[in-house]
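Single-structure report; data block below.
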Amino acid sequence: MPLYDYKCRACNLAEQRLAGIDDRTLLCTECGEVMDRQISDDEAFRFYFNEPASEEASNAG
Ligand SMILES: [Zn+2]
């Protein structure tokens, strides 16, 4: 799984976590508040064009 950048809503703690595609939020290790995933330029680009996910790609390997 890829590393994503997360940032806490409450204390602005930034962390990198291993996460699946559905893990948009995590809980902060410092204060227990919700952390939002920071979307990279590359990911924002894909969201923008709404490319369908390839199941074949995820099964390879
Ligand atoms: Zn926090």
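Note that ligands are numbered from 1 as they come in the structure, with each ligand's atoms numbered from 1 the same way. If you're wondering where the values come from, they're calculated on a predicted model, not measured in any experiment. These values consider heavy atoms only, across backbone and side chains, with no hydrogens, waters or symmetry-generated copies.
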Identify the heavy atoms of T29 and E15 that sit nearest to each other, and give their distance.
OG1-OE1, 3.4 Å

Output the distance between atom OH (Y6) and atom CD (Q16), rounded to the nearest 0.5 Å.
11.0 Å

Quick one: does N12's side chain get under 4.5 Å of K7's, heavy atoms only?
yes

Return all protein N, O or S atoms below 2.8 Å from the Zn ion (ligand 1), chain by chain in residue order.
C8 SG, C11 SG, C28 SG, C31 SG

Nearest atoms (heavy-atom pairs only) where E30 meets C11:
CB-SG, 4.2 Å

Between R17 and M35, is there a side-chain heavy-atom distance shorter than 4.5 Å?
yes

Of all heavy-atom pairs between L27 and G32, which one has the smallest distance, and what is that distance?
CD2-O, 3.7 Å

